[in-house]
Amino acid sequence: MIRRRALAVVAALATLAVLAGSGTAAAAWNASAALSATASSATIGTALVQDGQLNTTYRYTGSVSTAATGSLTITNSGGAPLSYELANQLTGSAALAEKTALILWVGTCGATIPSTGTVTTTLADRAPALPEEARALDPGASVTVCVATRISGTNAALQGESITAAFSVTGAVGTSWTTTASTDAITQSVYRIAAATDVACAASGSRAVTLRWTAPSNRPAGAAVRYRVYDTATGGDVVSLDSSSATVSVTIDSSTISRDGSYTLAVEAKDTASGTTAPASATISVVRSSILFGWIGSVKCS
């Protein structure tokens, strides 16, 4: 009899434990379902609009460039409050990205960068921090983040380098619900004067030649370009001159080239304001020879 009562008590306690466990599981499931229903009932969305002159080629003197400026307007287009993070997808020159400051602020956008209240990093930063005012938005709200970029380092040191950057923002409700918007990529490059083109050789009288070429297409308007004609075998200068003309020419004779032989010449252009030097032009060949027992020299196009 005592044994039967003990078994009944054990069975009752076991049943109570199962029911209690079942009730707890049901409560947890109901709470989870309610949370999901609440989150899903508020559609989330975001928009990002980029504006300004962030696509640019820097051409400057000194050790710091002028700033390129623009803006990013973030809009919470959904029905739930969102917290925001900024991302930067970057390709191109790592050296240029590290030398290019990225400055963000909320306020008046323009060429004047505030001395306080800015977030300053570089374009090498894949996840730049947003200004505090742009880190959370209520439904339907928007904020404009001002953007400026500028280079520290000489134009000559970074000539020809280029990067592209595409910004995106992600708005989040907690950790499970996110929405992302992106901009078109911007391209920033550092000016380098282009090469001289259309290099040609023509006879100039019986013992000299005239080299003629077209000036670089991206030379500074109205400014003289410094040219050097050089021997590609030795790197030594043959003749140098400054010219602001669209077509440039120079005469080469036996006094310009003092030793007999065949020479392969090229033209190098330099923009003295920015300090940038062009790639070498196409080459041209000339021959210097002596006549009358070396008393008279002659240069001819090869």
Side-chain angles (χ1 to χ4, degrees), residues 56-63 65 91-100 151 153-164 187-205 207-289 297-302:
T56 191
T57 296
Y58 296 97
R59 182 166 69 187
Y60 61 101
T61 59
S63 58
S65 75
T91 58
S93 169
L96 179 56
E98 290 168 359
K99 291 287 187 179
T100 304
I151 297 173
T154 65
N155 194 155
L158 294 165
Q159 63 178 7
E161 300 289 337
S162 180
I163 50 177
T164 61
T187 299
Q188 297 198 338
S189 56
V190 182
Y191 168 76
R192 183 183 189 184
I193 192 169
T197 57
D198 305 322
V199 182
C201 179
S204 180
R207 294 193 296 272
V209 298
T210 296
L211 297 188
R212 182 174 284 104
W213 60 86
T214 301
S217 57
N218 67 343
R219 69 192 189 282
V225 175
R226 181 161 296 163
Y227 299 98
R228 75 177 185 111
V229 179
Y230 68 97
D231 177 6
T232 60
T234 65
D237 290 0
V238 174
V239 64
S240 298
L241 71 154
D242 291 350
S243 176
S244 59
S245 299
T247 302
V248 187
S249 62
V250 64
T251 299
I252 296 176
D253 58 22
S254 58
S255 64
T256 310
I257 299 176
S258 60
R259 295 177 179 273
D260 288 353
S262 296
Y263 295 85
T264 301
L265 307 180
V267 180
E268 180 186 83
K270 183 173 183 178
D271 171 15
T272 56
S274 66
T276 66
T277 302
S281 71
T283 59
I284 203 81
S285 297
V286 299
V287 176
R288 200 271 193 196
S289 59
S298 175
V299 178
K300 295 182 179 181
C301 301
S302 177

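Not measured: the values here are computed from a predicted model.
Once rounded to the nearest 0.5 Å, the distance linking OG1 of T100 with CD1 of I163 reads 4.5 Å. Considering CG of D271 and OH of Y191, their distance stands at 4.0 Å, rounded to 0.5 Å. How far OG of S93 is from CD of E98: 8.5 Å, rounded to the nearest 0.5 Å. Of the inter-residue distances, the one linking K300 atom NZ with R207 atom CZ reads 11.0 Å to the nearest 0.5 angstrom. Between the OG atom of S189 and the OH atom of Y58 there is a distance of 9.5 Å, given to the nearest 0.5 Å. Atoms CD1 and CG, on I257 and L265 in that order, are 5.5 Å from each other to the nearest 0.5 Å.
When each of D253, V299, T256 is paired with V209, the side-chain contact (heavy atoms from CB on, under 4.5 Å) condition holds for V299 and for no other. With Y227 as the fixed residue, the side-chain contact (heavy atoms from CB on, under 4.5 Å) test singles out one of S281, P216, S240: P216.
When all heavy atoms are compared, the tightest approach of L96 to Q188 is CD2-O, 3.9 Å. Minimum heavy-atom separation, A156 to G275: CB-O, 3.4 Å. Taking both residues in full, the closest heavy atoms of T57 and V190 are given as CG2-C, 4.2 Å, listed atom of the first, atom of the second, then distance. Considering every non-hydrogen atom in both D260 and R288, the closest pair reads OD1-NH1, 2.6 Å. Nearest heavy-atom pair, I284 versus C201, reported as atom, atom and distance to 0.1 Å: CG1-CB, 3.6 Å. Shown here for A194 and P279, the closest heavy-atom pair between the two residues is C-CD, 4.5 Å.
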Full working for side-chain contact (heavy atoms from CB on, under 4.5 Å) between V267 and L211: CA-CA 10 Å; V267 180; L211 297 188; 5.5 Å; no

Could you check I252 against Y263 for side-chain contact (heavy atoms from CB on, under 4.5 Å), going step by step and ending with a plain yes or no? CA-CA 12 Å; I252 296 176; Y263 295 85; over 6 Å; no

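Proximity of a side-chain donor or acceptor of T232 to a complementary backbone N or O of T264 within less than 3.5 Å is detected. A donor-acceptor pair under 3.5 Å is absent between the side-chain atoms of S245 and the main chain of V248, judged by distance alone. Looking only at distances, no side-chain donor or acceptor of T61 sits under 3.5 Å from a matching main-chain atom of A273.
Side-chain atoms of S289 and S298 include no donor-acceptor pair closer than 3.5 Å.
Taking T164 as the reference, T91 meet the side chain to side chain donor-acceptor pair (under 3.5 Å) condition, with sequence neighbours excluded.
Among residues at least two apart or in separate chains, there is no salt bridge (charged side-chain N to carboxylate O under 4.0 Å, His left out) pair with a member in residues 192-204. Counting only residues at least two apart or in different chains, salt bridge (charged side-chain N to carboxylate O under 4.0 Å, His left out) contacts with residues 211-232 comprise R226-D242, R228-D237, R228-E268.
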